[in-house]
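This report refers to the structure that appears directly beneath it.
Atoms considered below: every heavy atom in the structure, side chains included; atoms not considered: hydrogens, waters and symmetry mates. All values derive from a computational prediction rather than experimental measurement.
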Amino acid sequence: MRTANSILVSLLAALFAAGCRRPQSTLYPNGPAADKIAGLEWFMVILFCAITVVMWILIVWPLRRNRGSFDEHAPIDIGGGQGWVAFGGFVFPVIVLTIVFVLGLTAMSHFPVHAGGSMALAPDIRVTAHRWWWEVTYLAGDYPQHFKTANEIHIPVGRPVNIQLESADVIHSFWVPSLHGKVDAVPKWTNYIRIEADHPGTYRGTCAEFCGAQHAHMGITVVADPPDQYEAWLDGQRKVAALPQGEDAKRGAELFQSGPCANCHMIRGTLAGGTVAPDLTHLASRQTIAAHSFPNNTAYLAAWVTHAQSLKPQSQMPDITQFNGQQLRDLVTYLQQLK
Ligand code: CUA
């Protein structure tokens, strides 16, 4: 009995703990846009639950009466009850759906996504969707201060951030449920989205438009930092890559720049100038790799270099099999110094 109780308590504790983390849910809004959407969502859930309850009462009530014979209930007057059918089957649904439709349009009008007025004049960040990762370009300040990162956006708490949303290939959809609704990233088209976080935290998002084999592994994270922490992060990211420390990291840096890595990836401040894959200048500062697919640690970095096609089939990252064990360790040591 005692064991059963302790299992129950642990299960409940785990459930609550899982609920507290709320990494990706429209039901736990954390910004003005998500608040509006959650308000509409709750209104609809409560309204539709109330209608469902009334419907079930109308179904169960006549069954429970259970009175009279079939003869007594034979339809003697075909015209009877038509008013009820017209009201319940047509007038009432039209009224309810019209209310929901108008409220939906009103909520949408708060979030213009194309030709976004002030947002188009001063976007803070450009997010370009790729199969299957997110390129993030910070546009604050003059051009030399712009920099690129991938799959992890930092924003200052309590300040609206304008995002210019584009796609390099097919249609994707940018969705961080705790901060905003879904907005599509469309090739040869620019949409805008304004996000703002009320509290510091890490908000998980994903691609919400099917875009091919690895659509499900196209995650994105928005980290909302207190303003001073955000400024420090910004300063750190603007810097070119740290010089490799130690003989193994130096060999790793050499391998990176002379091998196939540099054809696709950029590490600012080095000879690696590829632009078709994520910028790795500050790779070690990110929590995950491959668009939120794996933790950013030694084992996964090594596995990603050598077996990307097993870990994320059809992604643009090929299996790099030319390095021996020592070379692979040197390379990963270097990558982990890119703070
Ligand atoms: Cu990108 Cu689904």
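- Using modelled atom types, one finds a donor on one side chain and an acceptor on the other under 3.5 Å when comparing Asn191 with Trp189.
- Residues Ile125 and Leu139 fail the side-chain proximity criterion, which asks for heavy atoms closer than 4.5 Å.
- Put simply, Ile171 and Val183 are part of two different groups of oily side chains (I, L, V, M, F, W, Y) that touch within less than 4.5 Å, one to the next.
- The backbone N or O of Asn324 sits less than 3.5 Å from a side-chain atom of Gln327, completing a donor-acceptor pair.
- For His282, the ring-ring contact (aromatic ring centres under 6.0 Å, His included) test picks out no residue, with sequence neighbours left out.
- A side-chain donor-acceptor contact under 3.5 Å links Ser173 and Asp184.
- Checked against the 6.0 Å centroid threshold, His146 and Tyr138 do not count as a close aromatic pair.
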**ring pair (Phe, Tyr, Trp, His ring centres under 6.0 Å) assessment of His180 paired with Phe111** = CA-CA 9 Å; His180 209 295; Phe111 316 123; 4.9 Å; yes

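- Gln314 places no side-chain N or O within 3.5 Å of a backbone atom of Lys312 that could act as its donor or acceptor partner.
- With no hydrogens or angles considered, a side-chain donor-acceptor pair links Asn162 and Arg194 at under 3.5 Å.
- For the residue pair Asp319/Thr321, the side-chain donor-acceptor check at 3.5 Å is not satisfied.
- Atom CD of residue Glu166 and atom OG1 of residue Thr190 lie 4.0 Å apart, to the nearest 0.5 angstrom.
- Taking the six-membered ring wherever Trp is involved, the centroid distance between the rings of Trp132 and His217 does not fall below 6.0 Å.
- Annotation: side chain of His215 is not in contact with side chain of Arg131 (no heavy-atom distance under 4.5 Å).
- At least one side-chain heavy atom of Ile195 sits less than 4.5 Å from a side-chain heavy atom of Ile155.
- Checking Thr128 against Gln164 by side-chain atom types alone, no donor-acceptor pair falls below 3.5 Å.
- At most 12 non-hydrogen atoms from other residues, nucleotides or ligands lie less than 6.0 angstrom from CD of Gln316.
- A cation-pi arrangement is present between Arg65 and Trp61, with the terminal nitrogen or guanidinium carbon under 6.0 Å from the aromatic centre and inside a 45° cone about the axis.
- Separating the NE2 atom in His265 from the OG1 atom in Thr275 is a distance of 11.5 Å, to the nearest 0.5 Å.
- Ile37 CD1 to Glu41 CD: the interatomic distance, rounded to the nearest 0.5 Å, is 9.0 Å.
- Rounding to the nearest 0.5 Å gives a distance of 14.5 Å between CE of Met218 and CH2 of Trp175.
- Residues Leu40 and Ile99 share a hydrophobic cluster, clusters being chains of Ile/Leu/Val/Met/Phe/Trp/Tyr side chains in contact below 4.5 Å.
- When hydrophobic clusters are built by joining Ile, Leu, Val, Met, Phe, Trp and Tyr residues whose side-chain heavy atoms come closer than 4.5 Å, directly or via intermediates, Leu58 is not grouped with Phe87.
- Between the CZ atom of Arg286 and the NE2 atom of His154 there is a distance of 10.0 Å, given to the nearest 0.5 Å.
- Rounded to the nearest 0.5 Å, atoms CZ (Arg268) and CZ (Phe147) are 7.0 Å apart.
- Through direct or relayed side-chain contacts under 4.5 Å between Ile, Leu, Val, Met, Phe, Trp and Tyr, Phe294 connects to Leu255, Phe256, Ile267, Leu280, Leu283, Ile289, Tyr300, Leu301, Trp304, Val305, Leu311, Met317, Ile320, Phe323, Leu328, Leu331, Val332, Tyr334, Leu335, Leu338.
- There is a side-chain donor-acceptor pair under 3.5 Å between Gln336 and Thr298.
- Salt bridge present: Lys148 and Glu135 bring a charged side-chain N and a carboxylate O closer than 4.0 Å.
- Asp330 and Arg251 are joined by a salt bridge, as a carboxylate oxygen and a charged side-chain nitrogen come within less than 4.0 angstrom of each other.
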